[in-house]
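Both backbone and side-chain heavy atoms feed into the values below; hydrogens, waters and symmetry mates do not. Numbers restart at 1 for each chain; the letters A, B, ... are given by sequence-line order, proteins then strands.
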Amino acid sequence: MDKTYNPHELEQRWYSRWEQSGCFMPSGQGEPYCILLPPPNVTGTLHMGHAFQHTLMDALIRYQRMRGRDTLWQVGVDHAGIATEMVVTRQIEAEGGKRDDYARADFIDRVWQWKHESGSTITRQMRRLGASADWSRERFTMDPDLSEAVIETFVRLHEEGLIYRGPRLVNWDPVLQTAISDLEVVNSDEQGKIWSIRYPRSDGRGDVVVATTRPETLLGDVCVAVHPDDARYRDLVGQSLELPLTGRQIPVIADDYVDPEFGTGCVKITPGHDFNDWEVGARHGFAPINIFTPTATINDRAPARYRGLDRFEARERVIADLKTEGLLIEEKPHAMVVPRGDRSGQIVEPYLTNQWFVKMDQLGQLGLEMVESGQVEFVPGNWINTYRHWMENLQDWCISRQLWWGHRIPAWYDDDNNIYVGRSEDEVRVRHQLGDDIVLRQDADVLETWFSSALWAHSTLGWPDPERMAAEGFDRYLPTSVLITGFDIIFFWVARMIMMTGHFTGKVPFEQVYITGLIRDSHGQKMSKSKGNVLDPIDLIDGIELDQLVDKRTSSMMQPHLAKRIAKATREEYPDGIPAFGADALRFTFTALAGHGRDIKFDLARCAGYRNFLNKLWNAARFTLMNVGDATLPVPAEGELDTLSRWILSRLDRTITEVDEALSDYRFDLATRALYEFVWNEFCDWYLELSKPALQEQAAARDPATARATRHTLARVLETTLRLLHPFVPFITEEIWQRVRVPAGVEADSISQTRWPQAAAPDPQAESDAEWLKAVVSAIRSARTELNLAPGKPMPLLIEEGSPADLARLERFGDLIRSLARLAHIEPADDRHDPATCATALAGELRMLIPLAGLVDVTEELARLDKQLEREKKGLESVARKLGNERFVANAPADVVEKERVRRGEHENAIADLTERIERLRHVDASHTPS
RNA sequence: GGGCGAUUAGCUCAGUUGGUUAGAGCGCUGUCUUGACAUGGCAGAGGUCACUAGUUCAAAUCUAGUAUCGCCCA
């Protein structure tokens with residue numbers, strides 16, 4: 001083995017071997033354990049959030065696979081309607097073509113071509129990360145069988161009256177020219193303006209003033225509303241106003257919606273271009289007036305001088321005209337919330353179109369019940385509040401999109417615009433007895449991507465085809481075990497899956513939903529291209545040069561003027577680029593940071609720390625392998641194990657229990673921490689060091705049983721630890737395991753096929769011996785360094801005082817103490833030793849002296865002992881305070897009181913020892929001080 | 001405005017049903033190249049647990065309020 005751990009080379013080696021061996025496929029044996037991958041966008045590349053969540057999923061899958069569960073990790077990607085069209089359109093434009101050159105069918109061909117050539121970037125990247133998914137079952141939402149599920153769902157929902165088509169206000173992206181869902185709208189706080197406009201009364205008796213942030217929409221106003229209780233305007237209700245610039249007369253109505261405190265208490269109502277106004281208009285029987293074309297230019301419903309103007313030009317023109325007519329009263333800055341499309345970044349228009357909707361009352365009720373009843377559980381549990389709030393305020397779901405790429409809506413129209421819904425045109429014709437003479441045209445729109453993702457749980461398991469369902473294990477794997485995802489798609493996807501799978505199968509899609517935090521940069525900022533703080537997980541695995549990183553962060557930006565600042569910040573933060581940490585270190589970092597309910601500030605220093613940890617593991621393995629040889633080691637007989645081997649095995653068993661408990665609560669952070677501490681602080685720092693004396697040639701000759709037991713324990717602990725670590729760091733554990741499996745006597749081809757370790761009962765006797773030994777060694781080491789005693793030079797140790805138990809342990813472990821504390825020999829103290837030439841070390845009741853060659857610096861030793869004394873006094877004080885409190889003694893549980901009593905004894909003892917020692921030194925000090 | 005969360009060492013975070021002198025990693029200080037590892041060893045410094053009040057024999061932990069920050073919804 002190399003002296004240092006080199007992730008790059010070894011990680012390349014293992015993945016394809018695993019995949020080829022088929023060990024990621026469900027075994028079909030044991031209790032099923034299934035995880036659905038939230039299908040990433042086919043145009044996407046792996047970002048930190050994916051890498052994080054995939055790591056958690058993979059850790060769980062590998063863990064459960066090793067525990068004998070029948071694991072299925074269902075992976076795949078979704079077809080991402082808008083995003084994919086944008087990518088392919090850009091590709092066409094880069095070739096000098098135009099999207100308009102393409103007919104629908106040809107464009108879709110291009111999309112498929114693109115999909116086959118470059119649509120699997122993210123799945124390749126998932127393999128780099130070590131994702132142990134069953135790739136043979138990978139699905140794409142546009143696959144024929146998944147498409148069949150989509151059509152079937154649409155048709156059935158329509159038959160049940162849960163899907164309807166109708167004119168409604170939707171969020172319209174005038175650039176992409178499609179409807180988008182509420183969830184795809186980002187509300188951004190922006191500085192805008194608000195205008196006060198005078199609407200004259202038709203009877204010439206004054207006017208009313210309305211305030212608006214969108215003056216151009218007055219062209220579509222149908223009325224002005226006031227609050228029914230507003231005394232100021234009581235006589236105005238029912239009167240008519242002259243709508244400026246249009247020559248139209250509009251009435252004043254009364255409606256509760258109006259807030260009399262806001263502005264003048266008069267509100268213009270534009271049902272065609274505002275969601276709230278739509279409601280008001282509907283209540284009062286007004287037909288909405290749509291003044292925009294699909295690209296948000298003014299249409300023919302408006303006066304001629306505005307037609308054809310873009311919405312922003314129209315605003316300028318309207319304001320100018322109002323000024324001219326003396327109807328503009330005021331213009332002032334106004335903080336407002338602007339709705340923007342999350343894909344295009346453009347301001348979204350509430351826009352009146354015919355769209356398809358899914359009714360949400362019945363489905364929403366079902367979705368709520370499935371969670372309220374506990375069939376689906378959120379982890380952490382408080383996410384149920386978010387879910388509940390949304391489910392109780394559901395709007396009907398707009399599922400149609402004015403795109404080409406996606407599942408085409410299975411609805412046909414005849415020349416009279418009668419709608420026929422069915423699985424195919426043929427089915428429609430048969431069912432409705434439509435002869436060949438009747439021309440049918442299919443609806444041009446497609447379903448939004450989330451409609452197909454909502455079916456992910458049951459459609460990937462073969463639904464609705466009974467044969468496929470049997471083959472895929474529908475009954476076996478549904479409900480799946482746990483869904484791991486971010487809070488941001490609870491509504492987009494989680495809720496919709498619960499509703500759809502629940503409605504069509506009567507089952508929940510998953511039993512638990514683990515909601516992860518968000519990965520932020522080391523300063524707590526959200527990662528985004530425009531901030532230039534994005535980290536690419538692949539760069540953390542492979543490393544990246546500074547210049548390349550700067551290029552990556554500043555190329556193809558939406559706002560190129562930020563490039564300079566981003567380049568500068570990047571050069572400051574990563575002066576040497578990013579080193580290669582390897583996939584394992586990245587995975588370990590993610591799991592170590594994965595606490596509950598918290599966002600994660602991703603710090604490269606943590607990643608480096610865990611890379612170092614893996615290097616430590618690597619070297620512990622090197623040491624072990626150097627000492628255990630190539631052959632299978634004989635298993636020591638019962639009773640042949642030395643105390644320290646029993647100790648490390650006991651600690652190992654406790655670690656197994658800790659990891660099991662942590663993982664059952666999804667506390668990945670606690671699981672990895674237990675492993676980190678065990679490997680570094682117990683196995684490496686102590687057991688390895690303690691094994692060295694036993695393995696020395698002379699010692700081994702003298703005590704071959706202990707040497708044998710030690711060798712076997714080294715191999716056994718290392719092998720078991722590798723299995724415990726494997727779900728988190730699959731590559732390095734496989735690499736090392738292949739070398740240690742023979743000495744450890746384990747039969748399997750790959751660590752991923754081994755079984756998860758079972759914890760045995762701990763060994764308290766061995767643990768207490770080892771703790772004593774560690775305390776003694778640490779006390780001696782502290783004394784030596786604090787007094788600047790030559791660290792390398794062997795020194796004698798004198799035992800001044802100790803309990804019979806101490807003396808017995810000294811007898812048993814003397815050789816080890818000598819070795820670890822670098823002592824020449826250990827012997828009882830006697831009168832020959834002048835305390836002035838000794839340093840003191842305390843471990844429990846054991847009082848030890850380290851005689852020094854020359855004069856000890858008495859002042860320094862006094863200071864050191866004083867410090868210890870202070871510490872002990874403080875401890876005693878707090879204990880005494882408690883025990884002095886009658887109510888504490890009376891009320892606290894007996895074991896707590898007893899514990900305090902024991903502690904009091906220990907403190908008193910230490911204080912007595914230290915005080916005596918200090919007294920003697922002071923005495924010496926005085927006699928040594930030249931007068 | 002409503003809801004959720006956070007505030008613990010210089011930084012990033014643990015801290016379970018209240019019960020040692022509140023822990024870890026990184027960073028920092030000192031020291032050591034000893035045959036696993038300098039991506040390291042050994043030793044050490046560093047905290048008024050945001051603030052206030054309350055409950056309790058006992059509060060980082062429970063309750064109420066305050067402050068600051070973040071997210072979601074309107």
>> Counting only side-chain heavy atoms from C-beta out, which of B/A36, B/U21, B/A14 sits nearest to A/L670?
In response: B/A14
>> What is the distance, to the nearest angstrom, from the CZ atom on A/F491 to the P atom on B/C4?
In response: 14 Å
> Under 6.0 Å from the CD atom of A/Q738, do we count more than 12 heavy atoms belonging to anything else shown?
Replying inline: yes
>> Any base atoms under 4.0 Å from A/L688, or only sugar-phosphate, or nothing? Heavy atoms, all strands.
In response: base
> Can you tell me how far C1' in B/G47 sits from the matching atom in B/U21, rounded to whole Å?
Replying inline: 13 Å
> What's the CZ-P distance between A/R388 and B/G3, to the nearest Å?
Replying inline: 14 Å
>> Would you measure the distance from the C1' atom in B/G30 across to the matching atom in B/G35 and give it in whole Å?
In response: 26 Å
>> When both hydrogen-bonding distances must be under 3.5 Å and the geometry is Watson-Crick or G-U wobble, what is B/G1 paired with, if anything?
In response: B/C73
>> Less than 4.0 angstrom from a charged side-chain N to a carboxylate O is my criterion; do A/R903 and A/E906 meet it?
In response: no
> In whole angstrom, what separates A/K526's NZ from B/C69's P?
Replying inline: 18 Å
> Counting only side-chain N and O atoms of A/R667, is one of them less than 4.0 Å from OP1 or OP2 of B/G15?
Replying inline: yes
> Taking only side-chain nitrogens and oxygens of A/R673, does any of them come within less than 4.0 Å of OP1 or OP2 of B/G15?
Replying inline: no
>> My understanding is that a pair needs two contacts under 3.5 Å, Watson-Crick or G-U wobble. By that rule, which nucleotide pairs with B/A64?
In response: B/U52
> For the side chain of A/A620, counting heavy atoms from C-beta on, which of B/A36, B/A14, B/U21 is nearest?
Replying inline: B/A36
> Is A/E689 touching bases, backbone alone, or none of the nucleic acid, heavy atoms closer than 4.0 Å?
Replying inline: base
> Quick one: A/F378 CZ to B/C4 C1', roughly how many Å, whole number?
Replying inline: 14 Å
> To the nearest angstrom, how far is A/R784 atom CZ from B/A43 atom P?
Replying inline: 12 Å
>> Under 3.5 Å for both donor-acceptor distances, Watson-Crick or wobble: does B/A58 have a partner, and if so which one?
In response: none
> Reckon A/K601 touches a base, only the sugar-phosphate, or nothing at all at heavy-atom distances under 4.0 Å?
Replying inline: sugar-phosphate
> Could you state the CZ-C1' distance from A/R520 to B/U12, rounded to the nearest angstrom?
Replying inline: 15 Å
>> If you count every heavy atom of other residues, nucleotides or ligands that lies below 6.0 Å from A/E697 atom CD, does the total exceed 12?
In response: no
> Base, sugar-phosphate, or nothing for A/Y610, non-hydrogen atoms under 4.0 angstrom?
Replying inline: nothing
>> From the set B/A36, B/G44, B/C71, return the single nucleotide nearest to any side-chain atom of A/S782.
In response: B/G44
> Using the P atom in both, what is the distance from B/U33 to B/A22, to the nearest Å?
Replying inline: 36 Å
> Are OP1 or OP2 of B/C42 and a side-chain N or O of A/K774 less than 4.0 angstrom apart?
Replying inline: no
> For A/F378, which of A/W383, A/Y514, A/F487, A/Y387 qualifies under ring-ring contact (aromatic ring centres under 6.0 Å, His included)?
Replying inline: A/Y387
> Which part of the nucleic acid, if any, lies within contact of A/R606, taking any heavy atom under 4.0 Å across all strands shown: a base, the sugar-phosphate backbone alone, or nothing?
Replying inline: base
> Hey, would you say the A/Y610 and A/Y676 ring centroids sit under 6.0 Å apart?
Replying inline: yes
> Hey, does A/K867 reach any base, or is it just sugar-phosphate, or nothing, if we go heavy atoms under 4.0 Å?
Replying inline: sugar-phosphate
> If the C1' atom of B/A50 is compared with that of B/U8, how far apart are they to the nearest Å?
Replying inline: 10 Å
> With a non-hydrogen cut-off below 4.0 angstrom, is A/N382 in contact with a base, only sugar-phosphate, or nothing?
Replying inline: sugar-phosphate
> Taking the side chain of A/F487 as heavy atoms from C-beta outward, which of B/C57, B/U34, B/C72 is closest to it?
Replying inline: B/C72
> Starting at the 5' end of RNA chain B and moving along, which residue's nearest nucleotide shows up first, A/A608 or A/K899?
Replying inline: A/K899
> For A/D630, does the CG atom have more than 12 heavy-atom neighbours from other residues, nucleotides or ligands under 6.0 Å away?
Replying inline: no
>> Between B/U56 and B/U63, how far apart are the two P atoms, rounded to whole Å?
In response: 16 Å
> So which nucleotide from B/A36, B/A38, B/G30 ends up closest to the side chain of A/K3?
Replying inline: B/A38
> Given atom CH2 of A/W390 and atom P of B/C4, what is their separation to the nearest angstrom?
Replying inline: 20 Å
> Which nucleotide sits closest to the side chain of A/R611: B/U39, B/A36, B/U21?
Replying inline: B/U39
> Using a cut-off of 4.0 Å on non-hydrogen atoms, how would the nucleic acid contact of A/A892 be classed: base, sugar-phosphate, or nothing?
Replying inline: base
>> Between B/A24 and B/A14, how far apart are the two C1' atoms, rounded to whole Å?
In response: 7 Å
> Nearest to the side chain of A/K616, which nucleotide is it out of B/U39, B/G19, B/A36?
Replying inline: B/A36
>> Nearest to the side chain of A/V896, heavy atoms from C-beta on, is which of B/A45, B/G19, B/C42?
In response: B/G19
>> Assess whether a salt bridge exists between A/E372 and A/R388, defined as any Lys/Arg side-chain N lying under 4.0 Å from an Asp/Glu carboxylate O.
In response: yes
>> What's the gap between B/U61 and B/U17 when it is taken at their C1' atoms, as a whole Å value?
In response: 11 Å
> Taking a pair as Watson-Crick or G-U wobble with both distances under 3.5 Å, which nucleotide is matched to B/C26?
Replying inline: B/G10
> Does A/K616 count as lying over the ring of A/F683, i.e. NZ or CZ under 6.0 Å from the six-ring centre, within 45 degrees of the axis?
Replying inline: no
> Between A/A592 and A/T624, which has a closest nucleotide on RNA chain B that is more 5'?
Replying inline: A/A592
> In the strands shown, is B/U33 matched to any nucleotide by a Watson-Crick or G-U wobble pair with both distances under 3.5 Å, and which?
Replying inline: none
>> Once you apply a heavy-atom cut-off of 4.0 Å, does A/D685 come out as touching a base, just sugar-phosphate, or nothing?
In response: sugar-phosphate
> Is the distance from OP1 or OP2 of B/A36 to the nearest side-chain N or O of A/K692 less than 4.0 Å?
Replying inline: yes
> B/C37 phosphate, OP1 or OP2: any side-chain N/O from A/N612 under 4.0 angstrom?
Replying inline: no
>> In this structure, how many angstroms lie between the C1' atom of B/A59 and the CG atom of A/N891, rounded?
In response: 16 Å
>> Between the side chains of A/E689 and A/K692, is the shortest nitrogen-to-carboxylate-oxygen separation below 4.0 Å, so that they form an ion pair?
In response: yes
>> Work out how far the C1' atom of B/A9 is from that of B/A45, and round it to whole angstrom.
In response: 11 Å
>> I want to verify a distance call: between B/G40, B/C72, B/G19, whose nearest atom is closest to the A/W680 side chain?
In response: B/G40
